[in-house]
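Have a look at the structure below, then the notes.
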Amino acid sequence: LDFSSSPFSRGQPRVGVDRGPDVIRAAGLVHRLHEQGCAVKDYGNLTFEEVVVDEPVGAVKCVRAVGSANQRLSEAVQNVKRDGHTSVLLGGDHSLAIGSIHGHSAAVGDLSVVWVDAHADINTPLTSPTGNIHGQPMSYLLHELQSKIPVLPNFTWIKPCVSAKDLVYIGLRDVDPEEHYILKLLGVKVFSMSAVDQLGVARVMEETCDYLSARVKKPIHLSFDIDAIDPSITPATGTPVVGGLTYREGVYITEHLCQTGLLSAVDMVEVNPLRGQTEQEVQSTVHTAVDLLLGCFGRRREG
Ligand SMILES: N[C@@]1(C(=O)O)CN(C[C@@H]2CCCCN2)C[C@@H]1CCC[B-](O)(O)O
Ligand SMILES: [Mn+2]
Ligand SMILES: [Mn+2]
Ligand SMILES: [Mn+2]
C-alpha cells in the first residue's frame, strides 16, 4: 500500500489537525505495517500551495485553500491507484475526502464508500451551519446533489463521482436537520449508533457488505473519521461526540472490510494532537488510529 499524508486543516477552524500525519507516523505505522507483511510506500507529506487571500464565499470558509489542496490530493491518489496500490490518506481534516474519493474514482471508476463517522459530513455550502468544509465533503461528490452546489473558486475541477446508492454510513450520532433531510431524500443507507446498538457491529458489517455488493461488487473506499470512536478512547479530535464506537467495534469494522478483499482506499482523518488534554489522551487517540489502519491491512486479533 502507498500512503500520502496531508497535513491540512483549512476544512475546519481548530489548529493542530495538520499535525495528525506526523504523530501517526511517529507512533510507528510504517514499521507495524512492515511487521505484518505489508509492502509500504510513504509518499511523505503533500505540500500545498499557499493561498494568501481566501475570503469566505457566502458562509463557506477557506474555499480556495480547500479546493486547491484537494485537487493536488486527487492527483496523488490517482497516481497511487494507477500504480495498483491501496491508497491510504492520513489527515488532516475530513475535507480531504473530496480529493481522496475523487482521485480514487478517477482511477478505478465506480466505487462504494463506507463513511465511518459521528457526523454525516453531507451539508451543502448552503445548508452548512458552520461553513466548515469538513462537514460538507460528500455533498461535492454525490451525483444527486450537484444541482445544490454553487460554483466555488478552485472547486470547478471536481466531477461528482459517487451515487447515493453506493454510500453507507456507520456511527452517526450528530447529524444536522438539513443533513437528515438530505439522507432521507436520497435514501442513503445509514447505520447510526442506535443501529449499532440494536444489531451489533457484526450484523451491521454483514448488512453493509451485502447492501454494497447487491448489484455489482465495486472497490471500497473507507473514509474513517477518528471521531466515530468514543471520545473516551479517542479524545484528541476536533468535534468529539459522546456515545461512540468502542475500540473493539472500530477494529471489527476494519478487519471485516479487509476480509472482503475489496478495500481499495482508506482515509484516516481528524486526529488532532492539540485537542488532547494530556499526552496519554493523544497517545490513546493515535494508537487507536494506527490499530484501525493495521486492521485494514490484514492484522487479525487471533493472530
Ligand atoms: N455538521 C457539522 C458541520 O459543521 O457541518 C456541525 N457539527 C457541530 C455541531 C455542534 C453542535 C451540535 C450539532 N453539531 C460538526 C459537523 C461537522 C463535523 C465534521 B467531521 O469531519 O468532524 O465529521
Ligand atoms: Mn509503487
Ligand atoms: Mn466527525
Ligand atoms: Mn468527518
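Counting starts at 1 for both ligands and their atoms, in listed order. Here the structure is a predicted model, which means the values were calculated and not measured.
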From Ile133, Asp176, Thr130, Val175 - option closest to atom 2 (C) of ligand 1 by heavy atom: Asp176
His221 vs Trp115, ring-ring contact (aromatic ring centres under 6.0 Å, His included): CA-CA, chis, key distance, verdict: CA-CA 8 Å; His221 187 113; Trp115 196 281; 8.2 Å; no
Where the Mn ion (ligand 4) is the vertex, angle from Asp121 OD2 to Asp117 OD2 to 10°: 90°
Whether over 12 other heavy atoms sit under 6.0 Å from Arg203 CZ: no
Sub-4.0 Å heavy-atom approach of Glu179 to ligand 1: yes
Pi-cation contact, Tyr181 with Lys184 (under 6.0 Å, within 45°): no
The Mn ion (ligand 3) - closest N/O/S atom in His119: ND1
Minimum-distance N/O/S atom that His94 presents toward the Mn ion (ligand 4): ND1
Glu270-ligand 1 polar pair, N/O distance under 3.5 Å: yes
Aromatic plane relationship, Phe155 with Tyr140 - under 30° parallel, 30 to 60° tilted, over 60° perpendicular: tilted
Under-4.0 Å heavy-atom contact with ligand 1, by part of Gln12 that carries it: neither
Distance filter under 4.0 Å to Asp174 heavy atoms, resulting ligand 1 atoms: 12 (C), 13 (C), 14 (N)
Heavy atoms from other residues, nucleotides or ligands near NE2 of His180 exceed 12 (cutoff 6.0 Å): no
N, O or S of Asp225 under 2.8 Å from the Mn ion (ligand 4): yes
Atom 5 (O) of ligand 1: the protein heavy-atom neighbour that sits closest, reported with distance to 0.1 Å: Asn123 ND2, 3.0 Å
Closest approach of any protein heavy atom to atom 16 (C) of ligand 1, naming residue and atom: His119 CD2, 3.9 Å
Ligand-residue contact atoms, ligand 1 with Asp227, heavy atoms, under 4.0 Å: 22 (O), 23 (O)
Candidate list Arg275, His134, His119, Gln12, test side-chain hydrogen bond (donor to acceptor under 3.5 Å, both in side chains), partner Glu270, passing option: His134
For atom 17 (C) of ligand 1, the option (of Ala228, Gly11, Gly135) bearing the nearest heavy atom: Gly135
Atom CZ of Arg248 with >12 non-hydrogen neighbours under 6.0 angstrom: no
Contact check, side chains of Pro219 and Leu262, non-hydrogen atoms, under 4.5 Å: no
Flag: protein heavy atom within less than 4.0 Å of atom 11 (C) of ligand 1: no
Structural part of Asp225 in contact with ligand 1, heavy atom criterion under 4.0 angstrom: side chain
The Mn ion (ligand 4) to nearest N/O/S of His134 below 2.8 Å: no
Salt bridge present between Arg14 and Asp93 (N-O < 4.0 angstrom): no
Asp117 heavy atom under 4.0 Å from ligand 1: yes
For ligand 1, the portion of Thr237 having any non-hydrogen atom under 4.0 Å away: neither
Test of proximity, Ser128 against ligand 1: N or O pairs below 3.5 Å: no
Atoms in ligand 1 with a heavy atom of Asp121 nearer than 4.0 Å: 18 (C), 19 (C), 20 (B), 21 (O), 23 (O)
Pair Ser87, His104: side-chain N/O donor-acceptor within cut-off below 3.5 Å: no
Atom CZ of Arg19 with >12 non-hydrogen neighbours under 6.0 angstrom: no
Within 6.0 Å of CD in Glu55, more than 12 heavy atoms from elsewhere: no
N, O or S of Asp227 under 2.8 Å from the Mn ion (ligand 4): no
Element-labelled atoms of ligand 1 that are located less than 4.0 Å from some non-hydrogen atom of His94: 21 (O)
4.5 Å side-chain heavy-atom contact, Tyr169 and Asp117: no
